[in-house]
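These notes are about the structure you will find just below.
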Amino acid sequence: MFGLEGDPEARAVALRWLGPQRYLDLQGLGAEQRTRYHAACALAGNHLAVLGERATETMRSLGLPGPIASEAIGELLRSALENLLALGVPHGVSGPAARGDLGALARHEAALEGAASALYRMLSGQLVELLQAGRGEPR
């Protein structure tokens, strides 16, 4: 799925090409709103690469072979995304945050180094808040 906007002639051509495919109609959005739309797409689609690379770097730092570490992380990313798409939040989330195991989150953060540790801390905090909100628990 993708967004569609443009002048009437270009839009008509795009709609013919699309046929029955689903799309987001962005025609009514102003320039700033379209920029925010593109930023949201980049946040989800492009920044997944950062998570994958930091996790793979951590595995390689343990002496695990790079190609195998990369494949393992790739499979984990794929299965996590499939769970989220199938079940949504909170049910599609697994791991210590989903179990409410704050001690494990702290141990994981401490075990990581540099950018991976900082990324883990920031994302874990937001994941805990998101999961609490999804369960109707107070923040």
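Judged as a side-chain hydrogen bond (donor to acceptor under 3.5 Å, both in side chains), the pairs with a partner in residues 41-70 (not counting sequence neighbours) are, in order, Arg54-Glu57. For residues 13-22, there are no salt bridge (Lys or Arg N to Asp or Glu O under 4.0 Å) pairs, not counting sequence neighbours. Note on residues 101-120: pairs passing salt bridge (Lys or Arg N to Asp or Glu O under 4.0 Å), not counting sequence neighbours, are Glu109-Arg121.
When hydrophobic residues (I, L, V, M, F, W, Y) are linked wherever their side-chain heavy atoms come within less than 4.5 Å, the members clustered with Val13 are Trp17. Counting side-chain heavy-atom gaps under 4.5 Å among Ile, Leu, Val, Met, Phe, Trp and Tyr, the cluster of Tyr120 also holds Leu102, Leu105, Leu112, Val128.
Cluster annotation: Leu119 is connected to Leu48 through the hydrophobic network of ILVMFWY side chains, with a link wherever side-chain heavy atoms come within less than 4.5 Å.
Checked against side-chain contact (heavy atoms from CB on, under 4.5 Å), Pro8 has no partners two or more places apart in sequence or in another chain. Residues satisfying the salt bridge (Lys or Arg N to Asp or Glu O under 4.0 Å) criterion with Glu75, sequence neighbours excluded, are Arg78. For Gln27, the side-chain hydrogen bond (donor to acceptor under 3.5 Å, both in side chains) partners at least two apart in sequence or on another chain are Arg11. The salt bridge (Lys or Arg N to Asp or Glu O under 4.0 Å) check on Arg99 picks up nothing, with sequence neighbours excluded. Among residues two or more places apart in sequence or in another chain, the side-chain contact (heavy atoms from CB on, under 4.5 Å) test is passed with Leu24 by Met1, Leu26, Tyr37.
In this structure, Leu127 and Leu131 have side chains that are in contact, with non-hydrogen atoms separated by less than 4.5 Å.
Closest of all the heavy-atom pairs between Leu29 and Gln33 is CA-OE1, 3.3 Å.
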Run the side-chain donor-acceptor check on residues 83-95: report pairs under 3.5 Å with partners two or more places apart or on a different chain.
none

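Other residues, nucleotides and ligands place no more than 12 heavy atoms under 6.0 Å from the CZ atom of Arg36.
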